[in-house]
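Here is the structure we will look at.
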Amino acid sequence: MKVLVVGGGGREHALAWKLAQSPKVTELLAAPGNAGIAHLARCAPISAEDIVALADFAEREKVDLTVVGPEAPLCAGIVDEFERRGLRIFGPNKAAAEIEGSKVFCRHLLAKRNIPSPQFSAFDNPNEAKAYIRQKGAPIVVKADGLAAGKGSIVCATLDEALQAVDRIMVEREFGAAGDRVVVEEFLEGREASIMVFTDGRTVKPMLPSKDHKRLLDGDRGPNTGGMGVYCPVPYIDAALFDQIVETIMKPTIAALAEEGRPYKGVLYGGLMLTREGPKVLEFNCRFGDPETQAVLPLLDGDLAEICEAVIDERLHEVKVQWNQGACICVVMASAGYPGAYEKGKPITGIEEAEREESVIVFHAGTAVKDGQLVTAGGRVLGVTAVGKDFNEAAERVYRAIRRIHFDGAQYRSDIRPTL
Ligand code: AMP
C-alpha cells in the first residue's frame, strides 16, 4: 500500500515513523515533509495547504491512503476534495472539522448537548463583547472564533487585559478573519490534559492521555509556544476519570456531530481542564496534536495504517487499538528566540549519537539539509523522544540523548515529566 502523509512537522514525522512500521505499507510519500521524514518517505515539495496540488499528486502517484497532519487543510476541505475524486483519505471532512475551525460552533454544540464546558457567550460586535466582560469580571478568557495557529486564545488576568484582547482580535485583527467573532468564556482552574481518540463516526477507540507544556520555560513560566514537551500517559488520570472523559465528553461530542449531519471520522483531540467539578472542554482539535502525537504513538501497540483504513471503511470496531506499558517523554528543542523571531540555518550535530541511546527516537520538526549538512529550519526544531518502563527511565534517557545534540542557541525545557 502506498501512503501519503500531508504536513512537515514533528507530528508528521511521528506519523510517518509509525506508518513505516506497518507490514501493509510498501511505499511512503510526504508533502512537504522535512529532513527527518526524508529518511522514511519520498518528499514532494507541495504545501500542506495546496489541496488541489495534493489531490493531483495523490492521483498521479496512485496513492492508496492519505493521512493529514495539520488542521488548515482539513478545515479547508481536503477530505471533501479527495473523496470527490475517489481517493482514500484519513480525517474529518470540512463540515466535521468545524469543531476546530469555529470555536463559536464548538461551544454552541457542546452547550446544546450539556457536554461539560465553561460558561460562555459569543459576539460579532466588540462593544457587546466588552459589556459582557465588564459584567462578568476577570479572570476571563477571550478567544478568536477561527483558526489562529494555536494563538487565538487569550487568558486574561485583569479586566483591562480582557478589553484589550477584544480590540486585538476584533479591531486590530491580529488573527485576520479568525477574529470576525469572539467567544468570551469562564476561566477554569485545574490541571490540563489531552485525550485523542480514533473514531469512524460510531465506534470510539481512545489513545492514552498526554500532557503538553505550552510555556517556553521550566516551571510553566515565559511566553506561550506551540508546545515544548509532552509526557504520556498522565498519572493523575486514573481509570475512572479516563472513563468519565470518554463517556461524558468524547463519545457524546462524536454522537452530537453525527446527529447534526456532520459525521466525524479521523482523530478527535480533546483539550481538557480537570476542574474540581470534573473534566471540562477547553477546545477540540480535528486532528492529531503536535507535539502530543510524538509521545503517544511510540506507545501504540498496533498498526496505524490498519486503524486508518478501518476508520475510512467505518469498521473500527473490528480493529484492536492496544497500548504498551511504560512511559514516554518528548522534549522539544527549539531555536534561540522562539516563539519570537529566530534565525534559521544553524548546523545540527549529534542526532545519530542521541539515537544510539536505548529507546530514543528523534523526530524532526523544523529541519532541512543545506549543502549536505542538517540545519535548523523552524522555531521548533526537534522532538527528542524516549520510552522507558517508567517516567524516571524515560526522563533519564531523553535528557541523556538531548545532551548529545547541538545547534547554536538550542533551548529546551528540563522539567518535562509528571510532578506530584
Ligand atoms: P485553547 O487554544 O482553547 O486550547 O487554549 C489555549 C490554552 O489557554 C489552554 O491550553 C489553556 O491553558 C488556556 N485556556 C483556554 N481556555 C481556558 C479557560 N476557559 N480557562 C482557563 N484556561 C483556558
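Both counts, for ligands and for their atoms, begin at 1 and track the order of listing.
The cationic group of Arg287 does not satisfy the cation-pi geometry with Phe90, failing either the under 6.0 Å distance to the six-membered ring centre or the 45° limit from the ring axis. Annotation: cation-pi pair Arg181/Phe123 absent, no NZ/CZ under 6.0 Å from the ring centroid and within 45° of its normal.
Looking at Asn392 and Arg417, their side chains do bring a donor and an acceptor atom within 3.5 Å of each other. A side-chain N or O of Gln294 and one of Asp290 form a donor-acceptor pair less than 3.5 Å apart.
Scored by the side chain to side chain donor-acceptor pair (under 3.5 Å) test, Glu343 finds Lys346 as partners (sequence neighbours excluded).
Using cut-offs of 30° and 60° on the angle between ring planes, the pair His213 and Tyr231 is tilted.
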Per-pair distances, ligand 1 N/O vs protein N/O, less than 3.5 Å:
| from | atom 1 | to | atom 2 | distance (Å) |
| --- | --- | --- | --- | --- |
| ligand 1 | 2 (O) | Ser153 | OG | 3.1 |
| ligand 1 | 2 (O) | Glu283 | OE1 | 3.4 |
| ligand 1 | 3 (O) | Lys143 | NZ | 2.9 |
| ligand 1 | 3 (O) | Ser153 | OG | 3.1 |
| ligand 1 | 4 (O) | Glu283 | OE1 | 3.4 |
| ligand 1 | 4 (O) | Glu283 | OE2 | 2.8 |
| ligand 1 | 5 (O) | Ser153 | OG | 3.4 |
| ligand 1 | 10 (O) | Glu192 | OE1 | 2.7 |
| ligand 1 | 12 (O) | Glu192 | OE1 | 3.4 |
| ligand 1 | 12 (O) | Glu192 | OE2 | 2.4 |
| ligand 1 | 16 (N) | Lys143 | NZ | 3.0 |
| ligand 1 | 16 (N) | Glu185 | OE2 | 3.4 |
| ligand 1 | 19 (N) | Glu185 | OE2 | 2.9 |
| ligand 1 | 19 (N) | Glu186 | O | 2.9 |
| ligand 1 | 20 (N) | Leu188 | N | 2.8 |

